[in-house]
Amino acid sequence: MKERLLSLKEEALSELSQVENQQQLNDLRIKYLGKKGPLTEILRGMGALSAEERPIIGQVANEVRGAIEEVIEAKQADYNAAETNARLAAETIDVTLPGRPAARGAVHPISKVIQEIEDIFVGMGYTVAEGPEVEQDYYNFEALNLPKNHPARDMQDSFYVTDEILMRTHTSPVQVRTMEKMKGEVPVKIICPGRVYRRDDDDATHSHMFTQIEGLVIDKGIRMSDLKGTLLQFVQELFGKNTQIRMRPSFFPFTEPSAEVDVTCAMCGGQGCRVCKHTGWLEILGSGMVHPRVLEMAGYDPEVYSGFAFGLGVERVAMLKYDIEDIRHFYTNDLRFLKQFVHL
Ligand code: FA5
C-alpha cells in the first residue's frame with residue numbers, strides 16, 4: 001500500500017509539473033484530492049489494515065496528500081497572481097494623459113453687479129429685503145400713492161394677471177411691504193434687488209424684463225442731504241473716487257421732492273461722448289423723499305418720521321461699468337458675450 005501511495009505521489013507530481021492552465025489544475029485537484037480520487041479510496045481502505053500498519057500507512061498517506069496539496073496551492077497562487085496582474089494592467093490609468101476640462105459656468109454679469117451693489121450697501125449698514133415678482137395692485141400702485149385711474153400709472157405700462165394682480169413694474173412695492181412688516185419701528189434701512197416687468201418695447205436701453213435695486217431709509221430727521229451723501233458714496237465706491245452725481249428735479253407719486261440721479265459718464269470722464277450724448281452725464285436711478293401719504297398708509301406718522309428712497313436700474317449700471325452698448329446682450333445668452341465676464 002505504501003508503494004501504491006508513493007507511486008501515486010510521483011504520478012500526481014509529474015502530471016502537475018505539466019499543468020498549463022487553471023482548468024487543468026482544477027481537473028488534477030479533483031482527480032487526486034477529490035472524494036472519488038485514489039487517495040480517498042486508499043484512506044477508506046485503511047480499516048482493513050493491521051493495527052501496526054495503520055499509523056505507518058496513515059502517515060505516508062498524509063505526507064503524500066500534503067505534498068500534492070502543496071504543489072497545487074503553489075500553482076494556484078501563481079495563477080491568482082497572474083490574474084491580478086493581468087487585471088491591474090488592463091485597468092491601468094495613464095495619469096500622464098491630459099485631462100478633459102469640465103465645462104464651468106460663471107456668475108452672470110447682472111448677478112455680479114447686484115452682488116457688488118449689495119456689498120456696498122451692506123457695508124453702510126443696510127439689510128437685504130425681498131418681495132414677490134407677482135404683486136398685488138395695492139402694493140405696486142395704490143399704497144405708493146397711485147390710486148386707480150391715476151394718470152401717473154401710465155409711466156409704467158404693466159402686465160396684468162387679473163384686475164388686482166400684476167407683474168411688479170418696479171421694486172418700490174417692497175418699500176410698503178417692509179414698512180408694514182416693521183410696524184412703525186425705526187430705523188428702516190433696506191435695499192431690495194429684484195426683477196421687474198414692463199410693457200416697454202425692447203431696444204438698446206429698454207427691456208420688458210429688467211432688474212432694479214430699491215433702497216429705503218426711514219428714521220427721525222432723515223433729510224435730502226442724507227440721500228445725496230449716500231448716493232455719492234455709493235457711486236464713488238462702484239465707479240471710482242472721481243465720479244460725481246447730479247440730481248435733477250423729477251416726479252414720482254411716491255416721493256416728494258423727487259430727483260433723477262445722473263453720474264459722470266464713465267466712458268469720457270464727463271467730457272462728453274457718444275454714450276452720454278455729449279452731456280457728460282448718465283442717468284442711473286430715480287429717487288426722492290418718501291411721500292407723507294406713503295408713510296401714513298404704511299403706519300408711520302409723517303410728522304415724526306421721514307425717509308428717502310431710490311430705485312436703480314441694474315442693467316444700466318452694468319452697461320456703464322462694462323461699456324456694453326445694448327441691454328439685450330444680457331438676455332440673449334450668447335456665450336461669446338458671457339465669457340468676457342468670467343474673470344471679472
Ligand atoms: C421707478 O421705477 C421708481 N420706482 C424709482 C424710484 C424708487 C423713485 C424709489 C423714487 C423712489 P423709473 O421708472 O424711472 O423709476 O425706473 C428706475 C430705473 O430703472 C431707471 O432709472 C432705469 O435705470 C431703469 N429702467 C426703467 N425702465 C427700464 C427698462 N425698460 N429697461 C431697463 N431699465 C429700465
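Since we're looking at a predicted model, the values are computed, not measured. Atoms within each ligand, like the ligands themselves, are counted from 1 in listed order.
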For [X], is the nearest heavy atom under 4.0 Å from an atom of ligand 1?
X: S258; result: no
X: Q175; result: yes
X: T205; result: yes
X: F254; result: yes
X: R198; result: yes

Find all atoms of ligand 1 within a distance of less than 4.0 Å from any non-hydrogen atom belonging to [X], and give their numbers and elements.
X: D200; value: 29 (C), 30 (N)
X: E283; value: 20 (C), 21 (O)
X: A309; value: 9 (C), 11 (C)
X: G313; value: 18 (C), 19 (O), 23 (O), 24 (C)
X: I327; value: 32 (C)
X: T255; value: 10 (C), 11 (C)

Would you check if the side chain of [X] reaches a backbone N or O of [Y] as a donor-acceptor pair within less than 3.5 Å?
X: S306; Y: I222; value: yes
X: K220; Y: V186; value: no
X: T171; Y: G194; value: no
X: N145; Y: P253; value: yes

Checklist entry - Do any N/O atoms on H206 end up under 3.5 angstrom from N/O atoms on ligand 1? => result no
Item to check | N/O separation below 3.5 Å, S287 to ligand 1 | outcome: no
Item to check | side-chain contact (heavy atoms from CB on, under 4.5 Å) evaluation trace for R168 with Y139 | outcome: CA-CA 9 Å; R168 67 177 175 194; Y139 288 110; over 6 Å; no
Checklist entry - Pick one: which of D200, D157, D202, D201 meets side chain to side chain donor-acceptor pair (under 3.5 Å) with H208? => result D202
Next on the checklist: Applying the side chain to side chain contact (heavy atoms under 4.5 Å, CB included) criterion to L28, which one of Q18, E15, K75 satisfies it?
Outcome noted: E15
Just heavy atoms, cut-off under 4.0 Å: does [X] contact ligand 1 by side chain, backbone, both, or neither?
X: S172; answer: side chain
X: L285; answer: backbone
X: E214; answer: side chain
X: I284; answer: backbone

Next on the checklist: Under 6.0 Å between ring centres: does that hold for F310 and Y126?
Outcome noted: no
Item to check | Ring center gap for F252 and H170 short of 6.0 angstrom | outcome: no
Checklist entry - Which residue holds the protein heavy atom closest to atom 16 (O) of ligand 1, what is that atom called, and what is the gap in Å? => result Q212 NE2, 3.3 Å
Next on the checklist: Salt bridge check, R153 against D137: does any charged N sit closer than 4.0 Å to a carboxylate O?
Outcome noted: yes
